[in-house]
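Working notes, structure below.
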Amino acid sequence: MLDPKLLRDDLASTAQRLAARGYTLDVDTLATLETRRKVLQASTQELQNERNVRSKSIGKAKASGEDIAPLLAKVGTLGEELDAAKAELSTLLAQIDTICAGIPNLPHESVPAGEDENDNVEISRFMTPPEFAFEPKDHVDVSAGLANGLDFETASKLTGSRFVVMHSHIAAMHRALAQFMLDTHTRQHGYAEVYVPYLVNHDSLFGTGQLPKFGADLFHTQPATEEGQSLSLIPTAEVPLTNIVRDSIVDEAQLPLKMTAHTPCFRSEAGSYGRDTRGLIRQHQFDKVELVQIVKPEDSFAALEELTGHAEAILQALVLPYRKMVLCVGDMGFGACKTYDLEVWLPGQQAYREISSCSNMQDFQARRMQARYRAKGAKKPDLVHTLNGSGLAVGRTLVAVLENYQQADGSVAVPEVLQPYMNGLTVIPANA
RNA sequence: GGAGAGGUGGGUGAGUGGCUGAAACCAGUUCCCUGCUAAGGAACCGUACGUUAAUUCGUACCGAGGGUUCGAAUCCCUCCCUCUCCGCCA
């Protein structure tokens with residue numbers, strides 16, 4: 001949610017900034033509603049004031065034993081007028097809320113212009129893509145060369161397409177990756193490990209911005225139209241982690257709050273059919289180790305650099321080639337003000353593919369969640385800034401390891417940092 | 001799942017129809033006093049929106065949403081959540 005003051009006082013320039021990221025703000029409608037709101041709110045409050053004053057006088061009269069009948073008569077139609085005004089005002093407010101809830105965040109000045117992923121700008125690279133002495137396979141074929149690995153056929157029997165069953169060393173490596181990531185973030189990067197629910201309510205989804213606009217991307221336990229009790233599977237641990245501070249005022253001394261969690265993520269991915277249908281890249285269920293920071297406003301951009309660095313540290317420790325991109329305005333997510341994507345090199349695809357996305361949401365989510373902190377000496381609590389990033393997507397990291405660590409004989413070397421997590425295993429042998 | 005008890009400001013916790021935006025205590029802020037420390041005293045101290053020269057005034061908010069009433073934290077209904085006991089269960 002944007003600061004309502006921006007929409008009242010700087011409507012035109014705000015609309016212009018939104019247009020840069022491809023969002024058309026209906027300025028005229030909003031301005032009209034806003035003007036009407038102001039008038040209506042003032043007149044409603046006036047009516048309420050009148051009612052309060054008169055009711056009070058009735059109370060006093062009654063207490064002193066006077067006849068209250070004439071006073072009651074005087075109140076007369078006030079109630080009806082007030083009800084009508086209240087009804088109109090609440091409809092109006094609901095209309096304004098609906099519009100405001102659907103407005104994306106404003107991009108930071110440093111974010112490059114552009115329409116889609118083709119306009120993202122490369123910031124840096126780690127390693128150069130390795131040369132293979134043989135034709136590198138993609139992860140599906142690499143796995144197929146092992147004794148037992150990724151099993152899409154069984155998953156589709158159990159559930160459907162875009163799910164996977166993992167066996168044996170691959171399942172163990174998947175687990176090892178998550179463990180390694182968690183350990184690194186908690187022991188070296190200062191994050192507190194958190195275990196969170198995988199089902200969340202609508203308030204949480206509204207808080208981080210998945211609702212009301214992106215409900216179709218989620219799995220719901222009940223029809224989404226049903227009011228109130230419907231729970232949804234988390235599309236990312238960002239939702240439960242960030243909402244921990246929803247509706248609360250955090251002590252300044254507690255900031256920055258740095259939290260990490262390993263969870264499965266569930267996405268119905270409505271818009272992506274036909275893309276990445278092969279392999280693990282785009283699944284309805286995947287694991288991710290998420291990083292979330294709750295910080296003071298003045299620290300959020302430094303925190304974005306730091307958090308992105310924490311995700312990079314994982315790739316570096318795994319010795320996987322990657323590049324760091326800054327997303328252009330058109331490719332950023334709904335609530336983001338600035339986003340870095342980390343793209344890992346996949347020899348099987350001869351391409352860099354997204355493996356982490358790190359964003360500074362500024363106060364966009366905090367305003368939706370009413371997540372605030374009280375600065376020492378300040379009279380009013382202030383909205384916190386929230387950040388999140390993948391550190392990393394576990395399934396895609398597994399893909400990257402399988403493809404980058406494949407060997408000529410069909411076996412897969414185990415990255416050094418994972419070996420302690422895999423009982424000292426150094427190589428996943430090829431199928432004999 | 002069954003029975004009961006509750007949800008009030010940053011925290012604890014009074015308040016059963018009008019003088020309660022809400023006692024008291026704790027925390028916090030400012031000041032006073034005592035040579036440090038400790039203790040003591042006084043004042044201030046919720047959020048949002050509108051309004052104002054102004055912390056001026058107004059409105060709303062006592063889990064959420066409805067209802068009754070001239071008037072609701074207080075009465076009624078629905079929902080959510082917490083606690084205790086029982087049942088079931090990894």
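For the numbers below, each heavy atom of this structure counts, side chains included, while hydrogens, waters and symmetry mates do not. Everything numeric here is computed off the predicted structure, so don't read it as measured data. To find a chain, count down the sequence lines: A is the first, B the second, and so on, and within it residues start at 1.
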Using purine N1 to pyrimidine N3 plus N6-O4 or O6-N4 for Watson-Crick, or N1-O2 and O6-N3 for G-U wobble, both under 3.5 Å, which nucleotide pairs with [N]?
{"N": "B/C49", "answer": "B/G58"}
{"N": "B/A42", "answer": "B/U30"}
{"N": "B/G35", "answer": "none"}
{"N": "B/G21", "answer": "none"}
{"N": "B/C83", "answer": "B/G4"}

Rounded to whole angstrom units, what separation is found between the [atom1] atom of [X] and the [atom2] atom of [N]?
{"X": "A/Ile249", "N": "B/G11", "atom1": "CD1", "atom2": "P", "result": "8 Å"}
{"X": "A/Asp247", "N": "B/A48", "atom1": "CG", "atom2": "C1'", "result": "13 Å"}
{"X": "A/Leu92", "N": "B/A60", "atom1": "CG", "atom2": "P", "result": "19 Å"}
{"X": "A/Leu40", "N": "B/C49", "atom1": "CG", "atom2": "P", "result": "18 Å"}
{"X": "A/Lys5", "N": "B/U51", "atom1": "NZ", "atom2": "P", "result": "11 Å"}
{"X": "A/Arg51", "N": "B/A72", "atom1": "CZ", "atom2": "C1'", "result": "10 Å"}
{"X": "A/Gln370", "N": "B/C61", "atom1": "CD", "atom2": "P", "result": "17 Å"}
{"X": "A/Met369", "N": "B/U47", "atom1": "CE", "atom2": "P", "result": "19 Å"}

Say we look at [N] and [M]: how far apart would their [atom1] atoms be, to the nearest angstrom?
{"N": "B/U59", "M": "B/C44", "atom1": "P", "result": "23 Å"}
{"N": "B/C70", "M": "B/G2", "atom1": "P", "result": "39 Å"}
{"N": "B/A14", "M": "B/A53", "atom1": "C1'", "result": "39 Å"}
{"N": "B/A27", "M": "B/U12", "atom1": "C1'", "result": "10 Å"}
{"N": "B/A38", "M": "B/A72", "atom1": "C1'", "result": "48 Å"}
{"N": "B/A60", "M": "B/G67", "atom1": "P", "result": "16 Å"}
{"N": "B/G65", "M": "B/A73", "atom1": "P", "result": "13 Å"}
{"N": "B/G18", "M": "B/G13", "atom1": "P", "result": "24 Å"}

Quick check on B/U59: is either OP1 or OP2 less than 4.0 Å from any side-chain nitrogen or oxygen of A/Asn52?
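Checking B/U59 against A/Asn52, a side-chain N or O does come within under 4.0 Å of OP1 or OP2.
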Quick one: is A/Asn49 getting a side-chain N or O under 4.0 Å of the B/G58 phosphate, OP1 or OP2?
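Result: no.
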Report, one pair per line, the protein and nucleotides 88-90 of chain B atoms (nitrogen or oxygen only) whose separation is under 3.5 Å.
none

Results of side-chain contact (heavy atoms from CB on, under 4.5 Å) for A/Glu88 - residues two or more places apart only
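Residues passing side-chain contact (heavy atoms from CB on, under 4.5 Å) with A/Glu88: A/Arg36, A/Leu40.
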Tell me the salt bridge (charged side-chain N to carboxylate O under 4.0 Å, His left out) pairs involving residues 42-53 of chain A, sequence neighbours left out?
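Applying salt bridge (charged side-chain N to carboxylate O under 4.0 Å, His left out) to every pair that reaches into residues 42-53 of chain A, excluding sequence neighbours, yields A/Glu50-A/Arg54.
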Which residue pairs pass the salt bridge (charged side-chain N to carboxylate O under 4.0 Å, His left out) test when at least one of the two sits in residues 186-200 of chain A, sequence neighbours left out?
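Found A/Asp183-A/Arg187.
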List the residues meeting salt bridge (Lys or Arg N to Asp or Glu O under 4.0 Å) with [X], not counting sequence neighbours, and say none if there are none.
{"X": "A/Glu34", "answer": "A/Arg8, A/Arg37"}
{"X": "A/Asp363", "answer": "A/Arg367"}
{"X": "A/Glu416", "answer": "none"}

Would the base of B/G58 count as contacting A/Gln45 through its side chain, where contact means a donor and an acceptor less than 3.5 Å apart?
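For A/Gln45, whose side chain was compared with the base of B/G58, there is a donor-acceptor pair (under 3.5 Å).
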If you assign A/Gln48 and A/Ala42 each to the RNA chain B nucleotide with the nearest heavy atom, which residue ends up on the more 5' nucleotide?
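Mapping each residue to its closest nucleotide by heavy atoms, the 5'-most match is A/Ala42.
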Assess A/Arg368 against A/Phe206: is NZ or CZ under 6.0 Å from the centre of the six-membered ring, and within 45 degrees of the ring's axis?
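The answer is yes, since A/Arg368 meets both limits relative to A/Phe206.
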Letter by letter from the 5' end, nucleotides 15-20 of chain B scores (B base, S sugar-phosphate only, - none; protein heavy atoms under 4.0 Å) ---B--
Would you jot down, in residue-number order, the residues of residues 27-38 of chain A having a non-hydrogen atom under 4.0 Å from RNA chain B?
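Within residues 27-38 of chain A, the residues near RNA chain B are A/Arg37, A/Lys38.
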For A/Ser13 and A/Asp10, test the side chains for any donor-to-acceptor distance below 3.5 angstrom and give the result as yes or no.
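Side-chain D/A pair, A/Ser13 to A/Asp10: absent.
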Which pairs, with at least one residue in residues 385-399 of chain A and sequence neighbours excluded, count as a side-chain hydrogen bond (donor to acceptor under 3.5 Å, both in side chains)?
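Sorted pair list: A/Glu238-A/Asn388, A/Ser300-A/His385, A/Gln365-A/Thr386.
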Ignoring the backbone of A/Arg372, work out which of B/G58, B/G71, B/A48 is nearest its side chain.
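From the listed options, B/A48 comes nearest.
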Among B/G50, B/U59, B/U47, which nucleotide has an atom closest to any side-chain atom of A/Pro381?
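Looking only at side-chain atoms, A/Pro381 lies closest to B/U47.
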Do other residues, nucleotides or ligands put more than 12 heavy atoms under 6.0 Å from A/Gln16 CD?
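At most 12 heavy atoms, drawn from other residues, nucleotides or ligands, come within 6.0 Å of this atom.
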Inspect the surroundings of CG in A/Asp9 and state if more than 12 heavy atoms from other residues, nucleotides or ligands are less than 6.0 Å away.
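Count over threshold, so yes.
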Nearest 0.5 Å please: distance from the CD atom of A/Gln406 over to the CG atom of A/Leu402.
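Going from the CD atom of A/Gln406 to the CG atom of A/Leu402 covers 8.5 Å.
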Partners of A/Ser232 by side chain to side chain donor-acceptor pair (under 3.5 Å), sequence neighbours excluded?
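In terms of side chain to side chain donor-acceptor pair (under 3.5 Å), with neighbours along the sequence ignored, A/Ser232 is linked to A/His220.
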Using a 3.5 Å cut-off and no angle test, enumerate the donor-acceptor pairs between side-chain atoms of residues 109-116 of chain A and protein atoms at least two apart in sequence or in another chain.
| residue | atom | partner | partner atom | Å |
| --- | --- | --- | --- | --- |
| A/Ser110 | OG | A/His108 | ND1 | 2.7 |
| A/Ser110 | OG | A/Lys338 | NZ | 2.8 |
| A/Asp116 | OD1 | A/Asn118 | N | 3.0 |
| A/Asp116 | OD1 | A/Asn118 | ND2 | 3.3 |

